Amino acid sequence: MLSTLLHGLALSYAVTLCLVGAQLALPNPPYMPPDASNGARQSSGRLQPNPQWSNVLGNSLYFYEAQRSGNISSSTRVSWRNSSTVNDGKDVGFDLSGGYFDAGDYIKATFPLSAALMSICWGATDYGKAYDLTKQTAYLDDMLRWGLDWLMKAHPSENTLYVLVGNTDLDDAYWGGDQNIPPLRTSYQINNTNPGTDAAAGASAAFSACSSLYSNKGFGGPFSSPASLQNSSYAEKLLTHAQQLYSFAVNATGGQKTYQTSVPSIAASYGSSSYTDELTLAALLLSWATNSTSLFHDAEDYYQSFKLAGQNGVFNWDSKTPGLAVLFAQMTQSSSNLGGNLATWQDEAERYFDRIVNNQGPAHMTKGGLLYYDGDSDDASLNPALNAAMLLTRYAPLATTPDKKASYLKFARSQLDYVLGNNPMHVPYIVGSHPNSPANPHSAMASGGNDINNIDTSPEQEAYVLYGAVIGGPDKRDRYFDIRSDWPETEVALDYNAPMLTLAAMHVLNGTDDPFFTSLEVGAYEKVRPKGQPCDAAFHNACAGPQLSTDGKIAMGIIITVVGLFITGLLVWYIQVLMGGKTT
Ligand SMILES: *[C@@H]1O[C@H](CO)[C@@H](O)[C@H](O)[C@H]1NC(C)=O
Ligand SMILES: *[C@@H]1O[C@H](CO)[C@@H](O)[C@H](O)[C@H]1NC(C)=O
Ligand SMILES: *[C@@H]1O[C@H](CO)[C@@H](O)[C@H](O)[C@H]1NC(C)=O
Ligand SMILES: *[C@@H]1O[C@H](CO)[C@@H](O)[C@H](O)[C@H]1NC(C)=O
Ligand SMILES: *[C@@H]1O[C@H](CO)[C@@H](O)[C@H](O)[C@H]1NC(C)=O
Ligand SMILES: *[C@@H]1O[C@H](CO)[C@@H](O)[C@H](O)[C@H]1NC(C)=O
Ligand SMILES: *[C@@H]1O[C@H](CO)[C@@H](O)[C@H](O)[C@H]1NC(C)=O
């Protein structure tokens, strides 16, 4: 009797284990983003998890589902999406269907995809309980596998990685739905003779970060446990790709170089500024995934020899250096056997963060309070600020003093609040999150239009709500115009959403307060909506330096006229005096 009972228990335990290990079953009924009007409701009571933050997390993941490429016939919550581009890779004899469309158009770009996957897996490692609490873990698993399974297909042999699929010429000229995408799509690769150190190392870093997540390998200490999607066979598979790609990056016979040297077609959209950050990151994340002291030392050596210390630039899909010190610090505090020195990495991280929170450049604050990097922020102002907020919040519990910790958290919160509506436009810059949210994201598939000469007005209203999409963001004067063709302000992209997932997860775990947008007055944007056009690349009108408003220009004109008249008057008087004439 007892043995039968025990046997039964063991059996059900085994079944449970097995279910836990398999690709997770999606919730039934599914999570669907609520109508935008829901974002204007303040939560009553102190619910944990906070339902509004849960929606920010759920919607941010939902965005990726809308970006799916390939055969989606049996797997989508996004009713207005269709299967597409199922023949990708045919030109090179491989199946490169699947994966994600990069942004508002239909290319598939490996380098920014890798950056997004790395960032999401890192966040789901540190704040994983948030995905569990909000019942989003199965969607996270689904989202990651859709990307990682494709990335594995894009890496069909040790020294080959496809870095771009699409037709850059045709795609630039195509604006329309997902059923008429021009079928002539080209697959571009890097390989042993024509390598790309950054793209190979970037993909390796994504595989390593996600392998650690799927192995349930967290940093402990102040961090949460990883999201519960452990699957050791999948983790192993990912790790094999990570190792091969790292070797490819280090040892390609063609040498170490940026990938656009080998694939010039990518240069205009996603050229990389350097491969040193990706190579260091790949070594570091692989050392963590494999518990390798020697790889950890290699990463430290790279950091030295590439002179990555002391840099103060942006953190984004291209520039990952600022994340390195944070990761080094996390690993060092977690695992003494790796041999790192925590104080060294705290110094390095805090030198970088202190400049940000004390406004010491190179970034500056917009009048409305957004952290802005001239150049990097010009084509997508929110991403650098959100990434800084993500790094600051994650690092804060490792700070050396309570004051630093508090100032990092405060600054990070200010940036997140700005993005969620605490800005001069009163707009939360996530599509579908509130009635004031952007109505015209630059997304060919969501727009419902197919007239490339009339993107803004055909149709008048965006056909589909692209719930959860973080858009490019306002200009450096905090102005947001909500014009569909204005891609620097309104485009969506895989890498724009990545830090929002991690920040939402942090806030799900940290408290019961609502995100900022619930306190916004509905309709406040329409009262302040700017007229005319922004100064940005979409309008070939990149106004340089600090701007004068129209009023300012008029005032300046008056001053110049007055001064001019005064000087003319003086001259006339002087000439008369010189000529000996007398005024009457
Ligand atoms: C893990 O994932 C693989 C797919 O990659 C799946 O076939 C398997 O059932 C999952 N579960 C376990 C326990 O490996
Ligand atoms: C898409 O997948 C479904 C099964 O999920 C299959 O029936 C269908 O034939 C596939 N379509 C294409 C174009 O591959
Ligand atoms: C998907 O197909 C339907 C039916 O043809 C169409 O109405 C819809 O616009 C398509 N979706 C996209 C994103 O093009
Ligand atoms: C290697 O990559 C380069 C650049 O994409 C390409 O031109 C070349 O054909 C590739 N080599 C092979 C053997 O496919
Ligand atoms: C690169 O090649 C050298 C020489 O064959 C080898 O010792 C080293 O392990 C390789 N590095 C990687 C990361 O594979
Ligand atoms: C990592 O390796 C060290 C020895 O280098 C060992 O002491 C430690 O237990 C290992 N940790 C894990 C998680 O495997
Ligand atoms: C968590 O909440 C506490 C109390 O509201 C706040 O002081 C702290 O800054 C928050 N932490 C993060 C990571 O936002």
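Quick caveat, the model's predicted, so the values are computed rather than measured. One-based numbering, in listed order, for ligands and for the atoms of each. In this chain, numbering begins with 1 at the start of the sequence shown.
A cation-pi arrangement is absent between R145 and W150 under the rule of less than 6.0 angstrom and at most 45 degrees off the ring axis. By the 6.0 Å and 45° rule, R77 does not stack over the aromatic ring of Y467.
Between D198 and K320 there is no salt bridge, since no side-chain N of the basic residue sits under 4.0 Å from a carboxylate O of the acidic one.
Selection from N180, D178, N82 by nearest heavy atom to atom 10 (C) of ligand 3 gives N82. Among I72, N87, V86, the residue whose heavy atom lies closest to atom 13 (C) of ligand 2 is V86.
Residues Q330 and D126 have side chains that bring a donor and an acceptor to within less than 3.5 angstrom of each other.
Inside a 4.0 Å radius of atom 2 (O) of ligand 2 there is at least one protein heavy atom.
With a 6.0 Å radius and a threshold of 12 heavy atoms from other residues, nucleotides or ligands, K237 has its NZ atom at or below the threshold. Atom CD of Q461 has 12 or fewer heavy atoms from other residues, nucleotides or ligands within 6.0 Å.
Nearest non-hydrogen protein atom to atom 5 (O) of ligand 2 is S74 OG, 3.3 Å. With hydrogens left out, the protein atom closest to atom 14 (O) of ligand 5 is S247 OG, 2.8 Å, a heavy atom. Residue, atom and distance of the protein heavy atom nearest to atom 4 (C) of ligand 3 are Q179 OE1, 4.1 Å. The nearest heavy-atom contact from the protein to atom 8 (C) of ligand 2 is N71 ND2, 3.7 Å. Scanning the protein heavy atoms around atom 7 (O) of ligand 3, the nearest turns out to be Y464 OH, 3.8 Å.
Taking the six-membered ring for Trp and the full ring otherwise, F296 and F328 have centroids separated by under 6.0 Å.
Note: no N/O pair closer than 3.5 Å links Y246 and ligand 5 by distance alone.
Under a 4.0 angstrom heavy-atom cut-off, S83 registers as lying outside contact with ligand 2.
Proximity to S73 (heavy-atom distance under 4.0 Å) selects the following atoms of ligand 2: 1 (C), 2 (O), 3 (C), 5 (O). Of all atoms in ligand 3, listed by their number and element, those nearer than 4.0 Å to a heavy atom of G177 are 14 (O). The contact set between ligand 3 and M445, taken as ligand atoms under 4.0 Å from a residue heavy atom, comprises 13 (C). The N251 neighbourhood of ligand 5 comprises atoms 1 (C), 2 (O), 3 (C), 8 (C), 10 (C), 11 (N), 12 (C), 14 (O), with distances under 4.0 Å to a heavy atom of that residue.
Using the six-membered ring where Trp is involved, Y214 and Y234 have ring planes that are perpendicular, over 60° apart on the 30 and 60° scheme. Ring geometry for Y174 against Y106 counts as tilted: the plane angle lies between 30° and 60°, on a 0 to 90° scale.
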